[in-house]
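Here's the structure, in structure tokens; my notes come after.
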Amino acid sequence: MPVSDSDLFLSLPRRASAPASRSEDHLAEERQGNFRRTWREHIGPVTAGDGDFEEFYEEAARLDAAVYAFGPRRVWMAEYRDRTARNLGTGEVVPIGEVQHLRRYGGQPSPHHTGVPPVTSEGAIERYHEFQTFTEHAGRPVLLAGYDINGRGLELLDAIRQVAGDGYGKVVVKVTKAKQGLAILDVSDGRLDDFTLIEKLYDQLDWALMSHGGRRGAFLVQGFTPMRFEYRFFIVGGLPVTGAGCIVAHTPANHRWNTFDTRVQEHRGDPTSPVVDDEELVRRLTTFAAKVAKQWAAERPDLGTAVIDVALDDHDEPLIVEFNGILNAGLYASDPRAVTVTLAAMPALPEVQQPPVIRGATRVTADNPLGKIRQLVASLDSDDE
């Protein structure tokens with residue numbers, strides 16, 4: 001069958017070795033079983049192993065969501081080793097170049113290893129520090145700086161001193177290139193001379209500091225703000241379509257029936273911090289995320305999808321933690337089906353290795369997924385007022 005622009009390009013790492021099912025509530029155990037059956041049907045046997053629990057079930061949930069929203073005959077699974085894509089409904093195999101322009105779901109692997117060009121929006125979202133929406137709602141000083149740049153922009157050490165001068169005892173230095181390095185510098189002793197700061201930077205960043213030397217805008221310098229109740233929202237078409245608390249042990253197998261899962265953890269990754277059900281807090285965070293997403297969509301209508309992490313600061317005010325691309329972001333207890341159903345309703349295909357362009361607006365009605373999400377967001381806005 002020919003490839004249609006309404007089809008989906010599904011990219012998964014294909015972790016076939018799965019850890020034993022985790023005994024939790026009945027719904028989670030049932031969903032784990034369903035995900036494993038879907039994997040066996042469309043990919044192959046699920047062998048017992050000691051793989052990462054969250055990673056496997058997130059990948060299985062992505063497969064389930066793709067098949068649910070598009071149907072097997074409209075999903076093309078990437079087979080990177082062969083540079084082909086396999087249709088999950090018919091078994092037909094085509095060169096991967098025939099499907100790489102389609103809507104994409106799952107991960108975005110390195111083009112150096114696969115030959116598949118990345119979706120333009122993913123790289124743009126990694127530079128979220130360029131978004132006015134982020135800087136306006138970050139809730140902390142945010143400066144862009146470079147190390148050893150000889151007067152061609154704000155120098156890293158000067159940026160650290162500037163943030164410290166705003167009254168912050170700790171300064172966060174993050175490499176703007178995704179997952180390249182992050183340091184939290186304690187500057188409460190007031191020692192801000194070059195030698196002391198460079199020593200602290202090298203102690204935590206080491207190679208990242210050297211490898212990005214001479215680059216303007218290589219580092220994002222921020223005031224350290226305690227963040228509580230981190231929550232992740234998945235944005236499609238300028239609207240949050242699902243979300244979940246950043247609870248490390250949760251996967252979509254833990255998702256219940258709320259569009260936005262109502263469980264949160266005050267201190268992310270802290271085993272002593274209990275997971276609590278707080279519908280009022282999640283509603284407040286969702287209202288904030290909806291307003292942020294609307295502003296971001298107006299600022300960058302060419303990008304279409306993103307993940308926005310939000311949290312409360314030490315004054316219980318919501319702020320943006322960061323943006324992420326939607327393809328590689330962890331899912332937690334969100335509903336991936338809500339993402340793929342909304343993607344299926346969008347007529348615009350993603351840009352691949354080309355400058356972003358502004359697409360025509362999506363026709364929205366109360367009957368399509370975007371229309372329903374808009375109604376939900378409108379109800380949040382009216383309640384907030």
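The existence of a salt bridge linking E322 and K174 is confirmed by a sub-4.0 Å separation between a basic side-chain nitrogen and an acidic carboxylate oxygen. Salt-bridge annotation for D64 and R37: absent, with no side-chain N of the basic residue lying under 4.0 Å from a carboxylate O of the acidic one. Checked for salt-bridge contact, D189 and K200 meet the test: a charged N lies under 4.0 Å from a carboxylate O. Between D335 and R337, no side-chain nitrogen of the basic residue sits less than 4.0 Å from a carboxylate oxygen of the acidic one, so the salt-bridge criterion is not met. Residues R283 and D278 are not paired through a salt bridge, judged by the lack of any N-O separation under 4.0 Å between the basic side chain and the carboxylate.
Ring pair Y80/F9 is tilted by interplanar angle, where 30° to 60° counts as tilted. Ring geometry for F219 versus H212: interplanar angle over 60°, hence perpendicular rather than tilted (30 to 60°).
With hydrogens and angles left out, the side-chain atoms of T225 and D313 include no donor and acceptor closer than 3.5 Å. Remark: the E230 side chain and the Q265 side chain contain no N/O donor-acceptor pair separated by less than 3.5 Å.
The main-chain N or O of M346 is found under 3.5 Å from a side-chain atom of R103 such that the two form a donor-acceptor pair. Side-chain N or O atoms of T196 include none that pairs as donor or acceptor with a backbone N or O of D193 at under 3.5 Å. Side chain of D186 to backbone of S188: a donor-acceptor contact under 3.5 angstrom is found.
L102 and S4 get closest at one heavy-atom pair: CD2-O, 3.3 Å.
Counting heavy atoms of neighbouring residues, nucleotides and ligands inside a 6.0 Å radius, atom CD of E279 does not exceed 12 of them.
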Decide side-chain contact (heavy atoms from CB on, under 4.5 Å) for R73 and L88; before the verdict, give the C-alpha distance in whole Å, the side-chain angles of both, and the deciding distance to 0.1 Å. CA-CA 6 Å; R73 292 173 66 89; L88 293 187; over 6 Å; no
